[in-house]
Each structure stands twice: as C-alpha cells, then as structure tokens.
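Numbering of ligands and ligand atoms starts at 1, following listing order. Numbering starts at 1 and runs along the sequence shown.
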Amino acid sequence: MSLFCGTACRRKSFLCYRLLSTFVTKTRYLFELKEDDDACKKAQQTGAFYLFHSLAPLLQKSEHQYLAPKHSLLELERLLGKLGQDTQRIEDSVLIGCSEQQEAWFALDLGLNSSSSINASLQKSEMEKELKGSFIELRKALFQLNVKDASLLSTAQALLHWHGAHQFCSRSGQPTKKNMAGSKRMCPSNEIIYYPQMAPVVITLVSDGTRCLLARQSSFPKGMYSALAGFCDIGESVEEAVRREVAEEVGLEVERLKYTASQHWPFPNSSLMIACHATVKPGQTEIQVNLRELEAAAWFSYDEVATALRRNKRYTQQQSEAFAFWLPPKLAIAHQLIKEWVEKPTCSTLPV
Ligand SMILES: NC(=O)c1ccc[n+]([C@@H]2O[C@H](COP(=O)([O-])OP(=O)(O)OC[C@H]3O[C@@H](n4cnc5c(N)ncnc54)[C@H](O)[C@@H]3O)[C@@H](O)[C@H]2O)c1
Ligand SMILES: [Mg+2]
C-alpha cells in the first residue's frame, strides 16, 4: 500500500491517513528546522547527536554488526566539559533527520577544526575511551550496519564532508557561515548562498536478452564485478548519459533502457546513483573494453549471476575475495540492480 494512496483503498483509509499524517508532520518539522535557526537550536535541547571524528562515525561493535550510538545534548556537553572543550562547538553540528516523535537527529564532527572553538583538536583515543566505541571509516563499516543507520550515517558523513570543503566563498574568498541546521552556507559579504550538492551518476545493467554485462575497475576489491557506472556530463539527460557511458566503457550501443531505482552514495563525494536496466541489439554484443576506465568486462549467464548472488549472502567481503567472481554487497544499488535482473526476466527484454 502506498503512503500516498487516495480513494483506491477506502477500507484502510484510517491507516492511510495516519501514515500520511506522520510522514507529512515529520517532513514539515524538518523543513521548519532548516529554515528557522531558533527552532533548530531549540530542537537540539531534546535532540540526539551522532558523533564523528574526521568523518569517521562513532560505532560500537555488537557480534557481527556495528551499532551507531546517539548522545543527548547533556551527555555531549558533559563529554566536552570533561575533555576541557568549548561547548560552543555543538553549533557546528548538522541536522540529519528526526524520529516520528520529532526527536531531531544531528551529526557533529569532533575531529575537524572548529570555527567556534579555540582548542579544536580533541584527542581521538581519549574520546573513544569516554564514549565506549571507536571511530571507524564509513566505507569499512557501511555493510555491517542496519539499513536505517547506514542511510543516516551516509547522509551525515556527506553533509559534514560538504561543509568541510565549503568553508570559503568562491567569489569573495571570505569565510562562509552555515545556518543552524547546516542545510546551507552563506557568504556574509555578498549574500551568495551555497547548498549541499550531489553529482548525478548513472549505473546501468546491460543485458543481451540472456546474459548481463558486468565489469571491474582495478580499484575494486579482488574478484568483484559490478554494473557499469559513470558521472553524468553537464547538459546530459539520464538517457544520454547511459548511452554515452555504455559506448565509452564497453563499445556497445544501447537499444532500450528503463529507470528502476536511485540511491545516495557518499563515496568519495556525494553522488545520486540513478539505476537503469538496458538492452543492446541482438547480434551486437562484442565487448571492446576501454582500458582507461575498466580493467575487465564480460557477459555473465543467468546461472553464474544467480550463484554469485547466493554466495554473497553467505560470505563477508574478505571471504568473497577468495572467489574469482563476486558481486557488490546488498546495500549497494549495483547489487539491487543485479538481483532484480535475476528475479525479473522482463529486465532482459525491455518493451519498446
Ligand atoms: N552504489 C553503488 O552500487 C555503486 C556502484 C558503482 C559505482 N558507484 C559510484 O559511482 C561513481 C562513478 O563511477 P565511475 O568511477 O565508474 O565513474 P566514471 O566512469 O564517470 O569514471 C570516473 C572518472 O570520471 C571523471 N569525472 C567526471 N565527472 C566527475 C565528478 N563529478 N566527480 C568525480 N569524477 C568525475 C573523473 O575523471 C573520474 O576519474 C563512483 O564514485 C562510485 O563510487 C556506486
Ligand atoms: Mg565508470
């Protein structure tokens, strides 16, 4: 049932109304916090903070997964006090979401140089001891987080990264100032507003009707193959970017394509991954790998891909590297695209 259903499901309309109402209320609350600095500051009083150090999130290990602990404002003030730090630096935090009960969630990087603190460089290990956790690079921990924490920490890391890289106005060279929520920065000298950015990237699973095309870059972990990906050029539509990337990377011409899903991807900078299925003309399937972009590319049969998907479920990345061929982890949109191809035969023969 869709959150946005209308007359089609009258019998369940009360439930629909409640779902819609919670979602809208939450969305409007977040909008208010982004627009109103005082409301945002007030929300910090009852909010919760996810902590980072030099863009690595604070995590706690629990059996085979990581948990992302939250801290209240009081706990954070106590920690900073204990470490002899200025609590003013809490104003460097950025808003990353809220619960259905309107507990606002913020992210704060304790390792970056703070504009509002004299003694900015906190000792990482001292903090880890106090916080009973470790600051772990997000790339290493992402696949051992639950979906909700992975998405929240990806947003947080991307936003903190963007603020770190946009401290100065590119026109005046003057320091820019963030609003309380961190949804924008402004140059006080000319009032230019800067908003956080994502680069659009197309990711395409090409099929010839029975097989799908997977490729690897030399930077990928050993044995991992994925769908073709590439940044959109300025002025391009998604369709044009897919056709260009497939031609550029493997020398094939796309016949049909269909959008299927999207995902925010924080590495190395924020990208909006736009996932598509595509087909090539039958008989025009000879791959010509562009070695400037890829290390290898090949057609894989349905059975090979289905077997690799099953294997992915059982093994960790380190264990998978022992195999000649394995696929990206579940959380990556590349995995979802490949899984969809295996589960839905229509992905191999897109309608005109
Ligand atoms: N989430 C997933 O499942 C998934 C899967 C595959 C790739 N990705 C991501 O997609 C991104 C793009 O894939 P790719 O590396 O094959 O891209 P690509 O094929 O466009 O090649 C990368 C090159 O493009 C150039 N480039 C053009 N615009 C750029 C921009 N805005 N930022 C950085 N470089 C730019 C650079 O020269 C760079 O070396 C990667 O950053 C990767 O992390 C995500
Ligand atoms: Mg590429």
Asker: Just grab all the salt bridge (Lys or Arg N to Asp or Glu O under 4.0 Å) pairs involving residues 188-217, residues at least two apart or on different chains.
Answerer: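 Residue pairs passing salt bridge (Lys or Arg N to Asp or Glu O under 4.0 Å), neighbours aside: Asp208-Arg211, Arg216-Glu295.
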Asker: Tell me which donor-acceptor pairs under 3.5 Å the side chains of residues 56-70 have, and how far apart each pair is, sequence neighbours excluded?
Answerer:
residue : atom : partner : partner atom : Å
Gln60   : NE2  : Lys132  : O            : 3.2
Lys61   : NZ   : Gln144  : OE1          : 3.1
Lys70   : NZ   : Glu103  : OE1          : 3.2

Asker: For atom 13 (O) of ligand 1, tell me which residue out of Ala229, Pro328, Ala215, Ala199 has the closest non-hydrogen atom.
Answerer: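 Answer by nearest heavy atom: Ala229.
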Asker: Judged on heavy-atom distance to atom 14 (P) of ligand 1, which of Met198, Glu245, Glu293, Gln217 sits nearest?
Answerer: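 Considering heavy atoms of Met198, Glu245, Glu293, Gln217, the nearest to atom 14 (P) of ligand 1 sits in Gln217.
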Asker: Looking only at protein heavy atoms, which one is nearest to atom 18 (P) of ligand 1, and how far off is it?
Answerer: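 Looking at atom 18 (P) of ligand 1, the protein heavy atom closest to it is Gly230 CA, 3.6 Å.
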Asker: Around the Mg ion (ligand 2), how many protein N, O or S atoms are closer than 2.8 Å?
Answerer: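 Every protein N, O or S atom under 2.8 Å from the Mg ion (ligand 2) counted, the figure is 2.
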Asker: Apply side chain to side chain donor-acceptor pair (under 3.5 Å) to Glu340 and Thr260, showing your working.
Answerer: CA-CA 9 Å; Glu340 194 175 34; Thr260 179; 2.7 Å; yes
Asker: Return yes when Glu248 approaches ligand 1 closer than 4.0 angstrom through a heavy atom, no otherwise.
Answerer: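 Under 4.0 Å: no for Glu248.
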Asker: Suppose we measure from atom 43 (O) of ligand 1 to each protein heavy atom; which comes out shortest, and what is that distance?
Answerer: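 For atom 43 (O) of ligand 1, the nearest protein heavy atom comes out as Trp265 NE1, 3.2 Å.
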Asker: For Gln336, is the nearest heavy atom under 4.0 Å from an atom of ligand 1?
Answerer: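 Heavy atoms of Gln336 never come under 4.0 Å of ligand 1.
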Asker: Considering only non-hydrogen protein atoms, determine which one is nearest to atom 8 (N) of ligand 1 and report residue, atom name and distance to 0.1 Å.
Answerer: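 Scanning the protein heavy atoms, the shortest distance from atom 8 (N) of ligand 1 goes to Met273 CE, 3.5 Å.
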Asker: Enumerate, atom names and distances included, each donor-acceptor pair closer than 3.5 Å involving a side-chain atom of residues 31-38, sequence neighbours excluded.
Answerer:
residue : atom : partner : partner atom : Å
Asp36   : OD1  : Asp38   : N            : 3.0
Asp36   : OD1  : Ala39   : N            : 3.1
Asp37   : OD1  : Met180  : N            : 3.1

Asker: Starting from atom 12 (C) of ligand 1, which protein heavy atom do you reach first, and at what distance in Å?
Answerer: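 The protein heavy atom lying closest is Phe231 CE1, 3.5 Å.
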